[in-house]
Amino acid sequence: MNGNFAADLQAVFASHGQRPALRMADGEIWTYTHLAERTARLATVLAQVGVAPGDRVLAQVGKTPEAVALYLATLQAGGVYVPLNAAYTAAEVAYFLADAQPRLFVRDPASADVAGGHGGWAVLTLGAGGGSLVQAMSAAKSCHDVAERNGDDLAALVYTSGTTGRSKGAMLTHDNIRSNAVALRRCWGWRDDDVLLHALPLFHVHGLFIALHCALLGGTPTIFLPRFDVGAVKRHLPESTVMMGVPTFYTRLLEDADFDRRHCGGVRVFISGSAPLMPATFDAWQARTGHRILERYGMSETIINTSNPLHGERVAGSVGFALPGVSVRVTGEAGEPLPPGEVGDIEVRGENVFKGYWRQPDKTAEEFRPDGHFITGDLGVMDAEGRLSIVGRARDLIISGGYNVYPKEVESVIDELDAVAESAVIGVHHPDFGEGVVAVIVPSGEPVSAGQVAAFLEGRLARFKQPKQVVNVEALPRNSMGKVQKNRLREEFSGLFPSTSRAI
Ligand code: AMP
């Protein structure tokens with residue numbers, strides 16, 4: 001049997017031909033027949049350019065239906081899809097080109113011109129005009145042959161966001177993406193009449209795999225918005241049954257006073273992930289819409305690991321239970337499993353777990369236990385029922401005076417202050433404590449003073465966890481998936497405790 005995930009999709013497309021696959025904001029519709037046909041033509045063009053099984057196709061393209069067809073055509077041709085954030089500069093792209101060594105680089109016509117050909121790759125665009133794949137596609141014959149692949153052959157190389165050091169390519173196989181899509185559809189009870197509202201980018205696993213595969217594998221329609229926009233989401237939500245988003249989608253919608261349950265009448269589930277959903281957002285969303293957001297946890301290397309239940313209690317601040325077929329455990333320093341209630345490293349094993357980092361066997365070996373569990377780099381705690389809560393990234397852990405301080409614990413308490421809209425707690429170099437705890441606060445009105453924070457935390461948190469400095473900022477720096485970039489905050493505030501400062 002062909003292990004190529006494109007074969008599974010092709011079978012679904014063939015039996016759902018006249019159904020809308022992608023419905024664009026301007027009303028244009030691509031049916032499943034349409035999508036299959038454009039994919040088949042693009043597959044011919046890829047073959048003409050020389051893309052053979054195992055070759056990488058690096059795509060830095062906008063969010064268009066053609067980009068979806070390009071992804072599918074790459075799989076069909078047996079290629080390895082390498083999506084890149086459209087915001088990367090030419091210098092950054094040069095690094096990815098050198099690392100991935102693609103056969104073909106597809107770039108946005110609007111993006112800076114990156115020298116093509118030097119590394120042996122062809123360069124094309126997705127727009128209209130010369131050198132365009134879309135133009136070549138219109139003249140190409142269809143090729144419906146799906147290249148033979150094993151389930152553990154590579155389907156995609158997803159570069160991690162690289163907040164420390166160089167970005168690494170996570171090698172995802174056909175089995176990884178298929179097994180996860182099948183598990184999610186079951187877990188979230190995907191229905192034949194579901195309509196997905198898709199406002200996520202396509203260069204990340206969230207938009208490309210998690211959201212899109214649920215819909216494509218069911219032959220159900222997707223409302224395909226080019227980006228997140230409150231007005232567009234409000235317009236299209238009434239026609240949707242499922243929305244997947246990062247927490248910022250939910251906070252932005254809540255900021256719009258006109259947004260309420262009128263817009264959510266047909267929605268059966270709101271799903272959130274890629275960054276922590278604040279319990280306050282969970283509560284405000286329930287109060288405004290009547291829906292309890294379903295939060296789940298995943299990453300580029302493993303797609304989705306855990307999810308709150310579709311039926312059953314969705315707990316704010318928890319990312320739920322391991323998906324079927326996925327083993328999730330919390331371990332101590334020597335890799336020993338910890339009992340419920342203790343904080344440790346989150347480790348994951350299952351068909352969803354990637355094959356390793358591209359051309360980095362040493363790095364790969366470091367991050368896997370001998371029994372195959374991947375050390376995610378996240379810290380968490382599990383309750384007696386197996387519900388997981390994330391405490392933060394291991395690298396964000398603060399060690400102050402020899403004590404471990406988990407930023408999320410401190411942030412959750414600070415966020416209870418009415419004067420605080422949100423906060424990020426970081427550790428920066430401190431001459432006496434090694435690291436000093438710093439609270440970076442976005443005030444909801446007037447600036448929040450260190451005294452106010454100290455008074456509030458007194459009796460609520462142990463002294464060593466309390467911030468030694470409080471700074472007010474207008475907004476927290478976030479990446480395009482809504483994750484707070486703590487590395488940037490650590491850099492910006494690295495000099496807060498000069499070497500002459502004394503212990504407080
Ligand atoms: P990425 O590889 O860009 O998808 O980033 C993955 C990381 O995002 C994970 O390792 C977590 O640190 C974080 N993350 C994803 N989902 C959640 C969630 N629901 N709550 C908290 N952090 C999350």
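First listed ligand is number 1; within each ligand, the first listed atom is number 1. Numbering starts at 1 and runs along the sequence shown.
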Starting from [atom], locate the nearest protein heavy atom and write down its residue, its atom name and how far away it is, to 0.1 Å.
atom: atom 15 (C) of ligand 1; value: Gly298 O, 3.3 Å
atom: atom 13 (C) of ligand 1; value: Ser274 O, 3.9 Å
atom: atom 2 (O) of ligand 1; value: Ser300 OG, 2.7 Å
atom: atom 6 (C) of ligand 1; value: Met299 CB, 3.5 Å
atom: atom 17 (C) of ligand 1; value: Ala275 N, 3.7 Å
atom: atom 12 (O) of ligand 1; value: Asp378 OD1, 2.7 Å

Which is closest to atom 19 (N) of ligand 1 in terms of heavy atoms, Arg393, Arg296, His204?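 Residue with the shortest heavy-atom distance to the ligand atom: Arg296.
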Would you mind running through ligand 1 and noting each atom that sits below 4.0 Å from a heavy atom of [X]?
X: Lys483; value: 1 (P), 3 (O), 4 (O), 5 (O), 6 (C), 7 (C), 8 (O)
X: Ile390; value: 20 (N), 21 (C), 22 (N)
X: Pro276; value: 20 (N), 21 (C), 22 (N)

Report the part of Glu295 in contact with ligand 1, treating N, CA, C, O as backbone and CB onward as side chain, heavy atoms under 4.0 Å; options are side chain, backbone, both, neither.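 For Glu295, the contact with ligand 1 is made by the side chain alone.
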Heavy-atom distances under 4.0 Å decide this one: backbone, side chain, both or neither, for Ser272 against ligand 1?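 For Ser272, there is no contact with ligand 1 at all, from either part.
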Greater than 12 external heavy atoms within 6.0 Å of Arg359's CZ: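 Check passes, neighbour count above 12.
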With a 6.0 Å cut-off (strictly less than), is the heavy-atom count around CD of Glu333, excluding the residue itself, greater than 12?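 At most 12 heavy atoms, drawn from other residues, nucleotides or ligands, come within 6.0 Å of this atom.
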On the 0 to 90° scale, with breaks at 30° and 60°, tag the Phe249-Phe228 ring pair as parallel, tilted or perpendicular.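 Parallel, since the angle between the ring planes stays under 30°.
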Using non-hydrogen atoms of the residue, decide whether Thr376 is closer than 4.0 angstrom to ligand 1.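 False for this residue.
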Of all the heavy atoms in Val319, does at least one lie under 4.0 Å from an atom in ligand 1?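 It does, in that a heavy atom of Val319 comes within the 4.0 Å cut-off of ligand 1.
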Which of these passes side-chain contact (heavy atoms from CB on, under 4.5 Å) with [X]: [options]?
X: Pro65; options: Leu35, Leu70, Leu22, Thr222; result: Leu22
X: Leu254; options: Thr281, Thr289, Val230; result: Thr281
X: Leu172; options: Leu157, Val80, Val353, Ile303; result: Ile303

Intermediate values then yes/no, salt bridge (Lys or Arg N to Asp or Glu O under 4.0 Å), Glu491 and Arg488: CA-CA 5 Å; Glu491 244 166 63; Arg488 286 181 54 189; over 6 Å; no
Ligand 1 to Glu301 polar contact by distance, N or O atoms, under 3.5 Å: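 No, since none of the N or O atoms of Glu301 sits under 3.5 Å from an N or O of ligand 1.
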Using a strict cut-off of less than 4.0 Å between a Lys/Arg side-chain nitrogen and an Asp/Glu carboxylate oxygen, indicate whether Lys408 and Asp396 qualify as a salt bridge.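 Salt bridge: no.
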Has Lys168 got its NZ or CZ under 6.0 Å from the middle of the six-membered ring of Tyr357, at an angle within 45 degrees of the ring axis?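 Yes, Lys168 lies over the aromatic ring of Tyr357.
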Verdict with reasoning, Glu313 to Arg292, per salt bridge (Lys or Arg N to Asp or Glu O under 4.0 Å): CA-CA 9 Å; Glu313 186 62 356; Arg292 291 169 76 79; 3.3 Å; yes
